[in-house]
Amino acid sequence: MGQDSFDDAIAGLSKLLSEKADLGDVAAAKIKEITAELEAAGSKKFDPDERIKSGFVRFKTEKYEKNPTLYGELAKGQSPKFLVFACSDSRVCPSHILDFQPGEAFIVRNIANMVPPYDQTKYSGVGAAIEYAVIHLKVENIVVIGHSCCGGIKGLMSIPDDGTTASEFIENWVQICAPAKTKVKSENSGLSFKDQCTNCEKEAVNVSLGNLLTYPFVREGLLKKNLALKGAHYDFVDGAFELWNLDFKVSPASSA
């Protein structure tokens, strides 16, 4: 609860006490007790250490200790079915919105849920995650999930045509999906900036799916039909989720 909410609640209870003189003693005492509790809670400063510790305690008592079989199996290893690319945005945790259980999904999160093209030096962190998931964990599905109100996509759409940047890392990173911006600007120039951003959130997912094809082990998995690529978009404003497939018509690489 925010400070304004605390203040409003306290003010409302105090007003009730002053206006309702005929309240019973028990009710009046209870209201005073609640008011005091609200005042005490409102005056407490956020303690990050306590939040982390109490969060783990809840997890251990409510999940870990209640699922000994699951966590016993996970102690032996993992066999996730999904490799998921999702945004770092705190509002779009894929395990939360898709109800993934521990061991179900190998997850990579970054600004605007982007997958860069194959590059052994420039994007080695992402490449390592894809390689490990596909070759060693043998995931069967790679899902790239975009989302509503994405700041990274808004940043991409806001980069001036002359390429001028104002950040050290962000704009350089989001330009991985510059083709999505170009397509949206070309095909949807009449839309509002907000609507263009929404379209770009989805189009950038498709660019990332295309970039996945630049990884040899991903192409091989698709050719052998033991790997599938899926795009998705989560709208947390309306509580909606879209899932789609793209047919890239992948063919074996030429030896010439």
Side-chain angles (χ1 to χ4, degrees), residues 71 73-98 100-147 150-153 155-156 165 167-180 201-234 243 245-246 248 250-255:
Y71 289 99
E73 288 300 314
L74 293 177
K76 301 173 185 177
Q78 60 173 324
S79 299
K81 298 293 185 182
F82 299 92
L83 163 59
V84 176
F85 279 89
C87 187
S88 299
D89 192 305
S90 61
R91 301 166 291 183
V92 296
C93 175
S95 292
H96 185 71
I97 63 175
L98 297 180
F100 283 133
Q101 298 305 303
E104 275 195 281
F106 190 76
I107 299 174
V108 179
R109 299 183 69 175
N110 59 45
I111 297 297
N113 44 267
M114 293 185 177
V115 180
Y118 181 93
D119 190 314
Q120 288 186 305
T121 56
K122 193 174 183 181
Y123 305 116
S124 59
V126 175
I130 298 172
E131 181 179 23
Y132 186 74
V134 173
I135 295 179
H136 298 284
L137 296 180
K138 302 188 184 307
V139 297
E140 298 173 3
N141 303 276
I142 301 179
V143 188
V144 181
I145 307 174
H147 71 90
C150 182
I153 293 299
L156 170 63
T165 59
S167 63
E168 296 187 37
F169 297 99
I170 300 171
E171 288 158 310
N172 183 56
W173 169 261
V174 297
Q175 288 188 82
I176 287 169
C177 286
E201 288 164 0
K202 299 177 182 180
E203 196 57 47
V205 168
N206 292 336
V207 171
S208 287
L209 291 174
N211 286 342
L212 281 165
L213 299 181
T214 65
Y215 294 81
F217 31 87
V218 172
R219 289 183 63 89
E220 182 180 358
L222 292 172
L223 287 169
K224 292 181 176 179
K225 300 187 182 304
N226 53 26
L227 184 64
L229 304 185
K230 302 177 185 295
H233 184 265
Y234 168 51
L243 182 68
N245 298 288
L246 290 181
F248 289 106
V250 179
S251 59
S254 172
S255 59

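Minimum interatomic distance between Glu220 and Lys224 (heavy atoms only, all atoms of both residues): OE2-NZ, 2.8 Å. Ile107 approaches Ser95 most closely through the heavy-atom pair CD1-OG, 3.4 Å. Closest approach of Gly103 to Leu74, counting heavy atoms only: CA-CD2, 3.7 Å. The two residues Gly152 and Ala112 make their nearest non-hydrogen contact at CA-CB, 4.1 Å. Of all non-hydrogen atoms in Leu137 and Phe106, the two that sit nearest each other are CD1-CD1, 3.5 Å. The shortest non-hydrogen separation linking Val108 to Ala129 is CG2-CB, 3.6 Å.
Residue Tyr132 qualifies as open at atom OH: its count of foreign heavy atoms under 6.0 Å is 12 or below. Sparse packing is recorded around CD1 of Ile170, with 12 or fewer heavy atoms of other residues, nucleotides or ligands lying under 6.0 Å away. Heavy-atom contacts from other residues, nucleotides or ligands closer than 6.0 Å to NE2 of His96 number 12 or fewer.
In terms of modelled atom types and a separation under 3.5 Å, the side chain of Arg109 and the main chain of Asp89 share a donor-acceptor contact. Side chain of Glu131 to backbone of Gly127: no donor-acceptor contact under 3.5 angstrom is found. Under a 3.5 Å cut-off, the side chain of Thr214 and the backbone N or O of Pro117 do not form any donor-acceptor pair. Of the possible polar contacts, one joining the Lys138 side chain to the Ile135 backbone as a donor-acceptor pair under 3.5 Å is found.
Atom OH of Tyr234 sits about 13.5 Å away from atom CG of Asn113, to the nearest 0.5 Å. Distance CG/Asn211 to CG/Asp119: 11.5 Å, rounded to 0.5 Å. Note that CG of Leu212 and CG of Leu222 are 8.5 Å apart. Values are rounded to the nearest 0.5 Å. With rounding to the nearest 0.5 angstrom, the CG atom of Leu243 is 6.0 Å from the NZ atom of Lys230. Distance CZ/Phe100 to SG/Cys93: 10.0 Å, rounded to 0.5 Å. Rounded to the nearest 0.5 Å, atoms CD1 (Ile130) and CG (Leu83) are 6.5 Å apart.
For the pair Val218 and Tyr118, the minimum side-chain heavy-atom distance is 4.5 Å or more. Considering only heavy atoms from C-beta on, Leu246 comes within 4.5 Å of Asn206 through its side chain. For the pair Ile145 and Leu98, the minimum side-chain heavy-atom distance is below 4.5 Å. Side-chain contact between Asn141 and Phe82: present, with at least one pair of heavy atoms (C-beta onward) separated by less than 4.5 Å.
The residue from Lys202, His147, Glu201 that alone fulfils the side-chain hydrogen bond (donor to acceptor under 3.5 Å, both in side chains) condition with His233 is Glu201.
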Inset, instruction - Test Tyr215 against Val134 for side chain to side chain contact (heavy atoms under 4.5 Å, CB included), laying out the working first. - result: CA-CA 10 Å; Tyr215 294 81; Val134 173; over 6 Å; no
Inset, instruction - List the steps and the verdict of side chain to side chain contact (heavy atoms under 4.5 Å, CB included) for Asn110 and Trp173. - result: CA-CA 10 Å; Asn110 59 45; Trp173 169 261; 3.5 Å; yes
Legend entry - Residues Gln175, Thr165; criterion side chain to side chain contact (heavy atoms under 4.5 Å, CB included); working and verdict: CA-CA 11 Å; Gln175 288 188 82; Thr165 59; 4.2 Å; yes
Inset, instruction - Go through Val115 and Ile142 one step at a time and tell me if the side chain to side chain contact (heavy atoms under 4.5 Å, CB included) criterion holds. - result: CA-CA 11 Å; Val115 180; Ile142 301 179; over 6 Å; no
